[in-house]
Amino acid sequence: MTPDQKFARYVRFSLIGFILVFIYYLVADMVLPVTPQARVYHPVVQISPQISGRVTSVQVSNNQSVKAGDILFSIDEGPYNLAKEQAQLALDDAKLQNKRLDTNVKALEAQISAANAKQHEQKLLKSRGEKLYKQKSISEQELESIRANFEASKANVAALEAQLAEAVLAR
């Protein structure tokens with residue numbers, strides 16, 4: 001074998017070896033990728049409070065691990081305490097207003113009962129007046145007056161019931 005043939009044989013073996021190593025590298029890179037420039041990334045999460053306000057103190061430092069439920073910072077409580085007190089006052093005022101409306105409803109119910117009694121009385125007077133008119137014991141003018149009083153008492157009951165419905169809606 002001549003030196004040129006030996007050289008050609010080494011070149012062929014080298015090329016075949018290079019191709020085998022290259023194929024191995026490609027297959028290995030697909031199965032388990034490796035790089036000399038790897039970096040580990042830590043997740044950074046943006047946080048924001050559910051309410052806005054001035055931060056009074058921070059309980060964590062940079063790159064500190066935290067768990068769910070850990071207190072990260074404190075917000076000034078002054079404005080929220082004031083808002084809570086105002087809401088409590090508004091609630092107390094609303095309760096007082098509801099009591100007023102309840103008494104108004106009860107008063108209107110009592111007025112309706114009285115108006116119903118008055119209407120019943122006017123109905124009885126009307127029926128008596130019509131009997132008396134047929135017997136010619138009272139004048140037509142008196143009968144018309146009795147009928148007008150009866151109609152007024154019906155209208156009064158209807159007006160009071162409308163006021164009651166409005167008061168119940170206001171409540």
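- Residue A167 comes nearest to L108 through the heavy atom pair CB-CD1, 3.8 Å, listed as atom of the first residue, atom of the second, then distance.
- Both V58 and V66 belong to a single network of hydrophobic side chains, linked directly or stepwise wherever heavy atoms of I, L, V, M, F, W or Y lie under 4.5 Å apart.
- Q88 has its side chain within reach of D92: a pair of non-hydrogen atoms, C-beta onward, lies under 4.5 Å apart.
- A distance of 13.0 Å separates CD of E121 from CG of N116, quoted to the nearest 0.5 Å.
- Of the inter-residue distances, the one linking I112 atom CD1 with N156 atom CG reads 9.5 Å to the nearest 0.5 angstrom.
- Other residues, nucleotides and ligands contribute more than 12 heavy atoms inside 6.0 Å of the CG atom of L26.
- Of the charged side-chain nitrogens involved, at least one lies within less than 4.0 Å of a carboxylate oxygen, so that E144 and R147 count as a salt-bridged pair.
- V21 and I19 sit in two unconnected hydrophobic clusters of ILVMFWY residues. Membership requires side-chain heavy atoms under 4.5 Å apart, directly or through other members.
- Between the side chain of T56 and the backbone N or O of S74, at least one donor-acceptor pair lies under 3.5 Å.
- Under the 4.5 Å side-chain contact rule for hydrophobic residues, V157 and V168 do not share a cluster.
- Within a 6.0 Å radius of CD in Q141, other residues, nucleotides and ligands contribute 12 heavy atoms or fewer.
- For the pair Q64 and V60, the tightest heavy-atom approach, listed with the atom from each and the gap, is OE1-CA, 3.3 Å.
- Side-chain contact between N149 and L125 is absent, with no heavy-atom pair separated by less than 4.5 Å.
- Atom CG of L124 is separated from atom CD of Q119 by 11.0 Å, given to the nearest 0.5 angstrom.
- Shown are L82, D76, I75; of these, the side chain to side chain contact (heavy atoms under 4.5 Å, CB included) with P79 is made only by D76.
- For Q59, the CD atom counts as densely surrounded, since its 6.0 Å shell holds more than 12 non-hydrogen atoms of other residues, nucleotides or ligands.
- The number of heavy atoms from other shown groups lying within 6.0 Å of CD (E151) is above 12.
- Closest approach of K126 to I146, counting heavy atoms only: CA-CG2, 3.4 Å.
- A distance of 10.5 Å separates CZ in F150 from NE2 in H120, rounded to the nearest 0.5 Å.
- To the nearest 0.5 angstrom, F18 atom CZ is 10.5 Å from I23 atom CD1.
- The hydrophobic clustering, which links ILVMFWY residues whose side-chain heavy atoms are closer than 4.5 Å, places L160 and V105 together.
- Atoms CG and CZ, on L96 and R100 in that order, are 4.0 Å from each other to the nearest 0.5 Å.
- In E140, the CD atom is not crowded: 12 or fewer heavy atoms of neighbouring residues, nucleotides or ligands sit closer than 6.0 Å.
- The number of heavy atoms from other shown groups lying within 6.0 Å of CG (N63) does not exceed 12.
- V55 and F73 make their closest contact through CG1-CB, 4.0 Å (heavy atoms, listed as atom of the first residue, atom of the second, distance).
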